[in-house]
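The next block holds one structure in the form of structure tokens; read it before the comments.
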Amino acid sequence: MSLISKIKQATTAAIANLYTVEIPENAILVNATKPEFEGDYTVVLFAFVKQLKKSPDALGQELGSYLVANNPSLFTGFNIIKGFLNLSVIDSFWIDFLQSQFTNDNYGIAPKNGEKVMVEYSSPNTNKPLHLGHLRNNFLGWSIAEILKANGYDVVKTCIVNDRGIHICKSMVAWQLFANGATPESEGKKGDHFVGEYYVKFNDEYKRQIEELAVSGITKDLAEKKAPIMLAAQKMLQDWEAGDAEVISLWERMNTWVYAGFNTTYKAIGSDFDRTYYESQTYLLGKDLVEKGLEKGVFYQKEDSSVWIDLTADGLDEKIVRRKDGTSVYITQDIGLAVDKYEEYHCSKSIYVVGDEQNYHFKVLKLICQKLGLPSADGIFHLSYGMVELPTGKMKSREGTVVDADDLVAEMIAISQHKTEELGKVKDFNPEELTGLYNTIGLGALKFFLLRVDPKKKMVFNPEESIEFQGFTGPFIQFIHARIKSILRKMSAEGFVMESIALTDKLLPLEKAIIVELELFPSIISDAANEYDPSKIAIYIYNLAKTFSSFYSELKIANAESDEKKTLRLQLAQLTASVLKTGMQLLGASVPERM
RNA sequence: GGUUCGGUAGCUCAGCUGGAUAGAGCGUCAUCCUUCUAAGAUGAGGGUCAUUGGUUCGAAUCCAAUCCGGAUCACCA
């Protein structure tokens, strides 16, 4: 149990015994004591002065005395300032905590809880390479999966590939028209980029044809509909749905190229999935559920035989679930897929990592599933994240401002190589170790950058000022880790053994500051899971690294004034390194032994 | 227009179940490498927490209204 919980518990007990009043633990506010006051944790008294009919000072005196007298293994003293009861925690509590954890590499990781959850993320289109927005999605999905695992869940990572539809046909038509049989191999290009170029070519040609038609006097609206290349794409979609062998074969061929490209990117950024779904295989799902919904009266049919659900009573609109031609729409597929996934894995929760432009869609999805009485319904959670924008606004492919994922990753690695070479601290590394280090630092910087802000909020990425390597960044944390490891290596080479200690000297403020932060780690991990927010981890490990950094520059570790202090500080360093490593892993990033 | 998310330092962001003098990083200025890695540390400067009103011992945090910005309100996915 965390110390804060213990303090709340002790306070509840104290109030119950002193005043025979039951105050629930969650009604007690315990904060870290401000540095200008004496004490470690503070109980805010105002909340219950009224109920207990005591002045804050009197209450503080009684409560403080009681707490100190009855919890000798927790508190050494207290003071009251303006309604705040500041409690001083006994050094031996911190020392005991450190003794029990400093060799635990899995400190903060909860045991298995037997629950299984699904995280769906990435969801690419096969007509475009991945861009910066996908990176935020992938990193978030991966990190949430790791955070849930650390909280004891079994996690199934899935991905749904959007591999069919008119947009895919556009790339295919353009390839037929303009490629002359070219392939990614013949052009020496990555498959997803290669196919993406034909998608762009389609749009260029489409625009040209519209203008051409407009010159001949046709209205813009009509021109958009009559442009031959668009008609060709629509025809191709029909042929695809009809199972035309030639179209299917071209589609398969081009998808193979795209997947090869995606796999390269996924490998580079460290994303993977336990199960991949393809929309081409799921787009017919959900039809039986439409029938079921009609029977249950959840859905209704209009004269043209299209099927709808009326959600106006829930503050939403009417929503179509089956077209008049009998084909299903996006939401119907999603309902069908939700059922399939549940039957396959029986996950208690299903987390969809999808941009916030689909907030409405997921609200409707969950509501329909609930109305249909599907067992998977209540577990649906949309992890909605904001767009990544440029200082000038949104990324626009038309204006060529889309930040390509592969380019960005390559650039980050190149920058980390450049900086590493400039510093010249790892000249003895072999080429393989160097490549590994550049990857670790470059990706660490990128992942940390995208995960350090609240997922719900949109964020700004300025390509002019490349991602920082100083301050609130991944490399800073990696650097602190490497620094600690360097000391630990030296100590182990000298044969110094950290034994358990019973401290006789008082803990110095900086020593205590680190232990206090370390003790918070497990509760941070559980907060991050409860709020589906990796930035909680990023902020925490950054603060820990910063505290350690001050500690490092103020106090000697390996050359401490006594063996006792040396041992204490080495233990602190070791547990800090372990927490930084675990924390970075929860963000999908790793930490180097040296840098 | 309806719904919804947001507006905190020059910039990027924390803080939001109400709590003590609102915090970081970047950028600016100053100091510190014959001493465990300077991708570092220390300090300075920088704020009407969009605006107005309300709730109360106390509001960046809660409520209401207003202003500004984003998303959405598709038989696209």
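Below, chain A is the first sequence line, B the second, and so on; all start at residue 1.
A 3.5 Å limit on both hydrogen-bonding distances identifies no Watson-Crick or G-U partner for B:C16. Base-pair partner of B:A41: B:U31 (Watson-Crick or G-U wobble, both distances under 3.5 Å). Under the Watson-Crick or G-U wobble criterion, with both distances below 3.5 Å, B:A60 has no partner in any strand shown. Base pairing of B:A50: its partner is B:U66, meeting the Watson-Crick or G-U wobble criterion (both donor-acceptor distances under 3.5 Å). The pairing partner recorded for B:G1 is B:C73, the criterion being a Watson-Crick or G-U wobble arrangement whose two distances lie under 3.5 angstrom.
A:I557 comes within 4.0 angstrom of a base, heavy atoms only. Residue-level contact check: A:N162 touches the backbone only, with heavy atoms under 4.0 Å from sugar-phosphate atoms and none from bases. No contact: A:N127 has no heavy atom under 4.0 Å from any strand. Note on A:R594: a base of the nucleic acid sits closer than 4.0 angstrom, heavy atoms only. A:F84 comes within contact range of at least one nucleobase, with a heavy-atom separation under 4.0 Å. Using a 4.0 Å heavy-atom distance criterion, A:E279 is classed as a sugar-phosphate-only contact. Residue A:V44 is in base contact, counting any heavy-atom pair closer than 4.0 Å across all strands shown. If you check every strand for non-hydrogen atoms under 4.0 Å, A:N26 touches nothing. In this structure, A:Y360 reaches the sugar-phosphate backbone alone: every heavy-atom distance under 4.0 Å involves primed, P, OP1 or OP2 atoms, never a base. Within 4.0 Å of A:I168, counting heavy atoms only, lies no atom of the nucleic acid at all. Within 4.0 Å of A:I441, counting heavy atoms only, lies at least one base atom of the nucleic acid. Using a 4.0 Å heavy-atom distance criterion, A:M459 is classed as a sugar-phosphate-only contact. Among the protein residues, A:T42 comes within range of the nucleic acid bases, having at least one heavy atom under 4.0 Å from a base atom. Residue contacts for A:D314: at a heavy-atom cut-off of 4.0 Å it reaches no nucleic acid atom on any strand shown.
Judged purely by distance below 3.5 Å, without hydrogens or angles, the side chains of A:E318 and A:Y300 pair a donor atom with an acceptor atom. Counting only N and O atoms by type, the side chains of A:Q417 and A:E421 include a donor and acceptor under 3.5 Å apart. Inspection of the A:S88 and A:D40 side chains reveals no N or O donor paired with an N or O acceptor under 3.5 Å.
Contact between the side-chain N/O atoms of A:K50 and the OP1/OP2 oxygens of B:U56 is not found at any separation under 4.0 Å. At least one side-chain nitrogen or oxygen of A:K425 sits closer than 4.0 Å to the OP1 or OP2 atom of B:A39. Taking 4.0 angstrom as the limit, A:K536 places a side-chain polar atom (N or O) nearer than this to OP1 or OP2 of B:G15. Taking only side-chain nitrogens and oxygens, A:R323 comes nearer than 4.0 Å to OP1 or OP2 of B:C76. Phosphate contact (OP1/OP2 of B:U42, side-chain N/O of A:S550, threshold under 4.0 Å): present. Distances shorter than 4.0 Å separate none of the side-chain N or O atoms of A:R483 from OP1 or OP2 on B:A39. Contact check, A:K456 against B:G6: no side-chain N or O comes under 4.0 Å of OP1 or OP2.
Distances were taken from every side-chain heavy atom of A:K546 (C-beta onward) to each of B:A39, B:A14, B:A41; the shortest belongs to B:A41. You'll find that the side chain of A:Y552 is closest to B:A38, out of B:A38, B:G70, B:U35. If you check B:A77, B:G19, B:A41 against the side chain of A:E554, the one that comes closest is B:A41. In this structure, the nucleotide among B:C13, B:U72, B:U35 sitting nearest to the side chain of A:K556 is B:U35. Of the candidate nucleotides B:A39, B:A77, B:A20, B:A39 has the atom lying nearest to any side-chain atom of A:Q470. Nearest to the side-chain atoms of A:S549 among the listed nucleotides B:A41, B:C57, B:C26 stands B:A41. Comparing B:A20, B:G19, B:A39 by their nearest atom to the side chain of A:M595 picks out B:A39. In the set B:C16, B:U21, B:C75, B:C75 carries the atom at the smallest distance from any side-chain atom of A:D304.
Interatomic distance, A:L59 CG to A:L45 CG, rounded to the nearest 0.5 Å: 5.0 Å.
Spacing of P atoms, B:U17 relative to B:G69, comes out at 29 Å, to the nearest Å. Rounded to whole Å, the separation between the P atoms of B:U66 and B:C75 comes to 31 Å. B:U52 and B:C57: their C1' atoms are spaced 24 Å apart (whole Å). Atom P of B:G18 sits at a distance of 15 Å from the matching atom of B:A64, rounded to the whole Å. B:G25 and B:A14 have their P atoms separated by 16 Å, with the value rounded to a whole Å. Taking atom P in both B:U61 and B:U3, the straight-line distance is 22 Å, to the nearest Å. For the P atom pair drawn from B:U72 and B:G54, the interatomic distance equals 38 Å after rounding to whole Å. Atom name P, nucleotides B:C11 and B:A50: the rounded distance is 14 Å, in whole Å.
In the interface, the side chain of A:D163 is not paired with the base of B:A77 through any donor and acceptor atom under 3.5 Å apart. Within 3.5 Å, no donor on the side chain of A:K363 pairs with an acceptor on the base of B:U4, nor the reverse. For A:T473 against B:A39, a side-chain-to-base donor-acceptor contact under 3.5 Å is absent.
Partner A:S280 forms a side chain to side chain donor-acceptor pair (under 3.5 Å) with one of A:T126, A:N162, A:D163 and no other, that one being A:D163. Of the candidates A:E511, A:E554, A:E564, A:E511 is the only one forming a salt bridge (Lys or Arg N to Asp or Glu O under 4.0 Å) with A:R569.
Atom CZ of A:F472 is separated from atom P of B:A39 by 20 Å (rounded to the nearest Å). Rounded to whole angstrom, the span from the CD atom of A:E318 across to the C1' atom of B:C75 amounts to 13 Å. Atom CD of A:Q574 and atom P of B:C36 are 21 Å apart (whole Å).
If you look at A:Y259 and A:Y278, their ring centroids are closer than 6.0 Å. Centroid-to-centroid, the aromatic rings of A:F551 and A:F548 come within less than 6.0 Å.
Against the 90° criterion about 0, the sugar-base torsion of B:C26 places it in the anti range.
For the pair A:A558 and A:A545, nearest-nucleotide mapping onto RNA chain B gives the more 5' position to A:A558. Nearest-nucleotide positions on RNA chain B for A:S328 and A:S486 put A:S486 closer to the 5' end.
B:A24 has no stacking from A:Y542 on its base ring, since the centres under 5.5 angstrom apart and planes within 30 degrees of parallel are not both found. The aromatic ring of A:F46 sits over the base of B:G19, with ring centres less than 5.5 Å apart and planes tilted by under 30°. Here A:F37 counts as stacked on B:A20: its ring centre is under 5.5 angstrom from the base ring centre and the planes meet at under 30°.
Between A:F84 and A:F46, the angle of the ring planes goes over 60°, which puts this pair in the perpendicular group of the 30/60° scheme. Below 30°, between 30° and 60°, or above 60°: for A:Y540 and A:F521 the angle between ring planes is below 30°, a parallel geometry.
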